[in-house]
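For reference, the structure is listed below as structure tokens.
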Amino acid sequence: MLSFDRPGYAESDPHPARTEESIALDIAELADNLQLGRKFYLAGFSMGGEIMWSCLKYIPHRLSGVAILGPVGNYWWPGLPSNVSRDAWYQQLPRDQWAVWVAHHLPWLTYWWNTQKLFPASSVIAYNPALLSQEDEMLMAKFGYRAYMPQIRQQGEHECLHRDMMVGFGKWSWSPLQLENPFADADADDGQGAGKVHLWHGAEDLIVPVSLSRYISQKLPWVVYHELPKSGHLFPIAEGMADIIVKSLLLGDDHLSSSASQPPHSP
């Protein structure tokens, strides 16, 4: 398994002009330079989960399967009914509604908004404990063991977190609702069997509203949806959950035990 630092994170070069398409092309180029082969599996979490939709849009021919974990959603995606986006919108804290609104409508003010002291800025960036579910509070202890955390934002929050907001909540010309099954012809293509798109979300996620994932999975019948009834946003780092996600992606749900419907509880 391989992970990489996206533009502006850690020591990766910033990309001020990046878009929802450019990161998908970055992933394909990285795979080529590392000689990973014609096709590969992808898994993305949170903002990385949103990027998985871009990969399904722009490089579907390179994918063997995709796991989308607690993905951030864009409230202005084309085709998203107003009642669905409105319901998800008001599940955010008011301060986050403002931060997301600025990133979409006034992206050039994103840095100022999240650094000024007149109004409360993004509570996600500030690690506001009010966004943690009961399970998330237990899992947060794991972050205390990550000594490399200061390295992640070493180029400044604007080049990583703020640009993520500007792209993720920006003005997309398309939405996941418009995607077609990328693996519909997989059997005829290489004889290796059709790949799958697995979408995972915690029902008690207080950071990313689960309602957007529910709606998208209902509209895209080729997406395998897993909703974890007692989990919050940080479920992928719960003990044993990574194995469950990977086995489901590579082997299919038939190879999982019945306990896979809910991740093991962390101590």
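Values reported hereafter were calculated over all heavy atoms of this structure, with side chains retained and with hydrogens, waters and symmetry mates removed.
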Heavy atoms, side chains only, cut-off 4.5 Å: are Tyr58 and Ser22 in contact? no
Parallel, tilted or perpendicular: which one describes the rings of Trp101 and Trp98, with boundaries at 30° and 60°? perpendicular
Measure the shortest side-chain to side-chain distance between Trp108 and Met166 over non-hydrogen atoms and say whether it is less than 4.5 angstrom. no
Do Lys57 and Leu179 have side chains that approach each other closer than 4.5 Å (heavy atoms only, starting at C-beta)? yes
For Asp205, which residues count as a salt bridge (Lys or Arg N to Asp or Glu O under 4.0 Å) partner, sequence neighbours excluded? none
Please name the pair of heavy atoms, one in Gly79 and one in Leu177, separated by the smallest distance, quoted to 0.1 Å. O-CD1, 3.4 Å
Taking side-chain hydrogen bond (donor to acceptor under 3.5 Å, both in side chains) as the test, write out the residues that go with Tyr215, two or more places apart. none
Residues which pass side-chain hydrogen bond (donor to acceptor under 3.5 Å, both in side chains) with Ser133, listed by chain and number, not counting sequence neighbours: Asp136
Residue set satisfying side-chain hydrogen bond (donor to acceptor under 3.5 Å, both in side chains) with Ser122, at least two apart, ordered chain then number -> none
Where does the angle between the aromatic ring planes of Trp113 and Phe119 fall among parallel (under 30°), tilted (30 to 60°) and perpendicular (over 60°)? parallel
Do the charged groups of Asp32 and Arg62 touch, with an N to O distance under 4.0 Å? yes
Are the side chains of Arg214 and Tyr225 in contact, using a 4.5 Å heavy-atom criterion? yes
List for me each residue that meets side-chain hydrogen bond (donor to acceptor under 3.5 Å, both in side chains) alongside Asp96, sequence neighbours excluded, and say none if there are none. Ser123
Run the ring-centre check on Phe169 versus Trp76 and record whether the distance is less than 6.0 Å. no
Less than 4.0 angstrom from a charged side-chain N to a carboxylate O is my criterion; do Asp164 and Arg6 meet it? yes
Nearest heavy atoms of Asn114 and Thr110, plus distance in Å: ND2-O, 2.9 Å
Test salt bridge (Lys or Arg N to Asp or Glu O under 4.0 Å) applied to Glu159 - qualifying residues, sequence neighbours left out: Arg163
